[in-house]
Undergrad: 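Got a structure for you, questions after.
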2 protein chains.
Amino acid sequence: MPDERIDPYAPVPPYRQIAAILRRRIQAGEFAPGSRIPTESELVETYEVARTTARRAVAVLRDEGLVITVPQRGTYVRPV
Amino acid sequence: MPDERIDPYAPVPPYRQIAAILRRRIQAGEFAPGSRIPTESELVETYEVARTTARRAVAVLRDEGLVITVPQRGTYVRPV
DNA sequence: GCGAATTTGTACGTATGTATC
DNA sequence: AGATACATACGTACAAATTCG
């Protein structure tokens with residue numbers, strides 16, 4: 001049970017809510033630079049969304065340059 | 001019947017092939033700056049792919065800054 | 001003004017491939 | 001060999017805003 005949950009009724013779509021939550025968790029230091037963030041499957045379970053939605057959330061952070069995804073490995077917080 | 005078709009056996013995934021084709025068509029002047037490129041539905045019919053694949057192709061060009069998408073309007077070649 | 005059609009946005013589930021561990 | 005994890009693709013559904021007759 002995550003501290004933050006998405007609000008399916010909010011005007012901001014779930015994938016962006018999850019991206020925002022992950023961004024906060026990273027900036028809060030929960031995931032240190034170089035460490036791996038939750039896998040897509042874990043995000044699916046944690047936030048109860050489809051895998052595509054979890055992927056899109058991660059894609060947002062990747063586009064921002066906040067994380068780096070390594071195929072078949074995972075997604076990592078960009079080293080400082 | 002498009003001049004170029006995607007090759008489902010190529011190592012490059014369909015969405016990137018379509019993005020490359022559209023990029024060439026734009027640079028060839030088929031779509032002038034400010035003009036609209038084919039809609040997602042048209043790309044679906046032309047290249048015989050799912051809409052999600054067509055959307056991804058357009059997203060590539062958008063990420064490159066080559067085109068600009070206006071919700072409920074269409075996607076346009078970025079004005080010079 | 002109204003309603004239908006159009007077009008993009010978002011989300012769901014599922015399947016397969018490939019590389020890593 | 002098996003489990004894990006990301007990449008890609010398919011189809012489907014509905015929402016929201018714009019356009020057009």
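Note on naming: letters A, B, ... go to the chains in the order of the sequence lines (proteins, then strands), and numbering restarts at 1 for each one.
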Undergrad: Rounded to whole Å, please give me the gap between CZ in Arg56(A) and P in dC6(D).
TA: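 Arg56(A) atom CZ is separated from dC6(D) atom P by 17 Å.
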
Undergrad: If we check side chain to side chain contact (heavy atoms under 4.5 Å, CB included) with Ile18(B), which of these qualifies: Ile6(B), Thr46(B), Leu61(B)?
TA: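 Answer after filtering Ile6(B), Thr46(B), Leu61(B): Ile6(B).
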
Undergrad: Might you work through the side chain to side chain contact (heavy atoms under 4.5 Å, CB included) test for Thr52(B) and Thr52(A), ending with a clear yes or no?
TA: CA-CA 11 Å; Thr52(B) 48; Thr52(A) 48; over 6 Å; no

Undergrad: Output the single nucleotide from dT12(D), dT14(C), dT8(C) whose closest atom is nearest the side chain of Thr52(A).
TA: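 Comparing dT12(D), dT14(C), dT8(C) against the side chain of Thr52(A), the answer is dT14(C).
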
Undergrad: With respect to the side chain of Arg73(B), which nucleotide from dG13(C), dT19(D), dT10(C) is positioned closest?
TA: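 Closest of the options to the side chain of Arg73(B): dT19(D).
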
Undergrad: Heavy-atom distance under 4.5 Å between the side chains of Leu22(A) and Leu43(A), does that happen here?
TA: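 Yes - at least one pair of side-chain heavy atoms lies under 4.5 Å apart.
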
Undergrad: Test for a donor-acceptor pair under 3.5 Å between the base of dA16(D) and the side chain of Gln72(B), counting only N and O atoms.
TA: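 Flag set: donor-acceptor pair detected.
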
Undergrad: Categorize Ser41(A) for me: base, sugar-phosphate, or nothing, with a 4.0 angstrom heavy-atom threshold over every strand shown.
TA: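 Counting heavy atoms under 4.0 Å across all strands, no contact is made by Ser41(A).
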
Undergrad: Figure out the OH/C1' separation between Tyr9(B) and dG17(C), and round it to whole Å.
TA: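 These atoms are roughly 15 Å apart.
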
Undergrad: Quick check for you: among dA7(D), dT10(C), dG13(C), whose closest atom lies nearest to any side-chain atom of Thr69(A)?
TA: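 Shortest atom-to-atom distance from the side chain points to dA7(D).
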
Undergrad: Would you mind reading off the distance between Ile68(B) atom CD1 and dG9(C) atom P, rounded to a whole angstrom?
TA: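 After rounding, the reported distance stands at 13 Å.
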
Undergrad: With a non-hydrogen cut-off below 4.0 angstrom, is Thr39(A) in contact with a base, only sugar-phosphate, or nothing?
TA: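 Sugar-phosphate contact only - Thr39(A) comes under 4.0 Å of backbone atoms but never of a base.
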
Undergrad: Would you kindly give the CD-to-P distance between Glu40(A) and dT18(C), to the nearest whole Å?
TA: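 Rounded to whole Å, this separation is 18 Å.
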
Undergrad: Could you state the atom-to-atom distance from CZ of Arg51(B) to C1' of dT8(C) in whole Å?
TA: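 Going from Arg51(B) (CZ) to dT8(C) (C1'), I get 6 Å.
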
Undergrad: Mark yes when over 12 heavy atoms from residues, nucleotides or ligands other than Glu42(B) sit less than 6.0 Å from its CD; otherwise mark no.
TA: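 Above 12, so yes.
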
Undergrad: Given atom CD of Gln17(B) and atom C1' of dT8(D), what is their separation to the nearest angstrom?
TA: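 After rounding, the reported distance stands at 12 Å.
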
Undergrad: Sort out for me which residue in Ile37(A), Ile68(A), Leu66(A) forms a side chain to side chain contact (heavy atoms under 4.5 Å, CB included) with Val77(A).
TA: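 Per the side chain to side chain contact (heavy atoms under 4.5 Å, CB included) rule, the option paired with Val77(A) is Ile37(A), out of Ile37(A), Ile68(A), Leu66(A).
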
Undergrad: Let me know the distance between CD of Glu42(A) and C1' of dT4(D), rounded to the nearest Å.
TA: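 Atom-to-atom, Glu42(A) to dT4(D), this comes out as 11 Å.
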
Undergrad: Can you tell me how far C1' of dT19(D) sits from CZ of Arg36(B), to the nearest Å?
TA: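 Rounding to the nearest Å, CZ of Arg36(B) and C1' of dT19(D) are 10 Å apart.
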
